[in-house]
S.K.: 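Got a structure for you, written out below as structure tokens; questions coming shortly.
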Amino acid sequence: MECLFCRIIKGDIPSKKVYEDERVFAFEDINPQAPVHILIIPKKHISTTLEIKNEDHELIGCMLQVGNKIAKEKEIAERGFRLVMNCNRESGQTVFHIHLHLLGGRIMHWPPG
Ligand code: 5GP
Ligand code: ZN
């Protein structure tokens, strides 16, 4: 069966979209861990950060810039926010299509749990 986030990109599974361009899609996390919790994903299926190739460098940069853009729109850019990618089991990765978490709107603790 096709990956969950590929199905969200196609619209087969509904999501609250916040941004889309030719390469990147962003939507609200279904189980938010902060007042702002958005997932920024590439339209290209890449299962973990370990699978990122040289040809993907620009794509990954675009994802970061989309994170910045949404942070500004949500008015958390000046206060501060966090961009996180989990990789594999011990990090807590549960969906194997890479996603950049944009978290903000509250104080973020360090180190993360
Ligand atoms: P991970 O734990 O892999 O880093 O993050 C996966 C994220 O995807 C979690 O924060 C989880 O809440 C979110 N998520 C899982 N399934 C869905 C879904 O069907 N829709 C949305 N919008 N988010 C999802
Ligand atoms: Zn996928």
S.K.: Check whether any side-chain heavy atom of Asp29 sits under 4.5 Å from a side-chain heavy atom of Ile38, and report yes or no.
M.R.: no

S.K.: Do Leu39 and Ile8 share a hydrophobic cluster, counting only Ile, Leu, Val, Met, Phe, Trp and Tyr and linking them when any side-chain heavy atoms are less than 4.5 Å apart?
M.R.: yes

S.K.: Check this for me, if you would: do Lys44 and Glu55 make a salt bridge, where the nitrogen-to-carboxylate-oxygen distance has to be below 4.0 angstrom?
M.R.: yes

S.K.: Under 4.5 Å between side-chain heavy atoms, counting indirect links through other Ile/Leu/Val/Met/Phe/Trp/Tyr residues: same cluster for Met85 and Ile46 or not?
M.R.: yes

S.K.: Begin from the C-alpha positions of Leu83 and His101 and carry the test side-chain contact (heavy atoms from CB on, under 4.5 Å) through to its verdict.
M.R.: CA-CA 5 Å; Leu83 294 170; His101 293 261; over 6 Å; no

S.K.: State plainly whether one hydrophobic cluster holds both Ile9 and Leu4, where clusters connect Ile, Leu, Val, Met, Phe, Trp and Tyr through side-chain heavy atoms under 4.5 angstrom apart.
M.R.: yes

S.K.: List for me each residue that meets salt bridge (Lys or Arg N to Asp or Glu O under 4.0 Å) alongside Glu2, sequence neighbours excluded, and say none if there are none.
M.R.: Lys10

S.K.: For Gly105, does its backbone N or O pair with a side-chain atom of Arg79 as donor and acceptor, under 3.5 Å?
M.R.: yes

S.K.: Do Val36 and Val84 belong together in a cluster built from hydrophobic side chains that touch within less than 4.5 Å?
M.R.: no

S.K.: About how many Å separate CD of Glu51 and SG of Cys87, when rounded to the nearest 0.5 Å?
M.R.: 8.0 Å

S.K.: Take Glu20 and Lys43 through the salt bridge (Lys or Arg N to Asp or Glu O under 4.0 Å) test and state the conclusion after the steps.
M.R.: CA-CA 9 Å; Glu20 181 173 15; Lys43 288 188 172 175; 2.8 Å; yes

S.K.: Please report the interatomic distance NE2(His37) to CZ(Arg82), rounded to the nearest 0.5 Å.
M.R.: 11.5 Å

S.K.: For residues 59-77, please give each side-chain donor-acceptor pair under 3.5 Å, one per line with the distance, not counting sequence neighbours.
M.R.:
unit_1 : atom_1 : unit_2 : atom_2 : d
Lys69  : NZ     : Glu73  : OE2    : 3.1

S.K.: Quick one: which residue pairs count as a ring pair (Phe, Tyr, Trp, His ring centres under 6.0 Å) with a foot in residues 45-86, not counting sequence neighbours?
M.R.: His45-His97

S.K.: Could you tell me whether the side chain of Val24 reaches within less than 4.5 Å of the side chain of Pro42, counting heavy atoms only?
M.R.: no

S.K.: List the atom of Gln33, the atom of Leu103, and the distance in Å for their closest heavy-atom pair.
M.R.: CB-CD2, 4.1 Å

S.K.: Identify the heavy atoms of Val95 and Gln93 that sit nearest to each other, and give their distance.
M.R.: O-NE2, 3.0 Å

S.K.: Does atom CD1 of Ile107 have more than 12 heavy-atom neighbours, drawn from other residues, nucleotides or ligands, at distances under 6.0 Å?
M.R.: no

S.K.: For Arg23, enumerate each residue passing the salt bridge (Lys or Arg N to Asp or Glu O under 4.0 Å) test, keeping only those at least two apart in sequence or located in another chain.
M.R.: Glu58

S.K.: With sequence neighbours excluded, what pairs up with Phe5 under the ring-ring contact (aromatic ring centres under 6.0 Å, His included) test?
M.R.: Phe27, His99

S.K.: Report yes if some heavy atom in the side chain of Ile41 is under 4.5 Å from a heavy atom in the side chain of Ile98; otherwise report no.
M.R.: no

S.K.: Are Leu100 and Val18 in one and the same hydrophobic cluster, where Ile, Leu, Val, Met, Phe, Trp and Tyr link if side-chain heavy atoms are under 4.5 Å apart?
M.R.: yes

S.K.: I'd like to check the salt bridge (Lys or Arg N to Asp or Glu O under 4.0 Å) partners of Glu78; sequence neighbours left out, ordered by chain and number.
M.R.: none

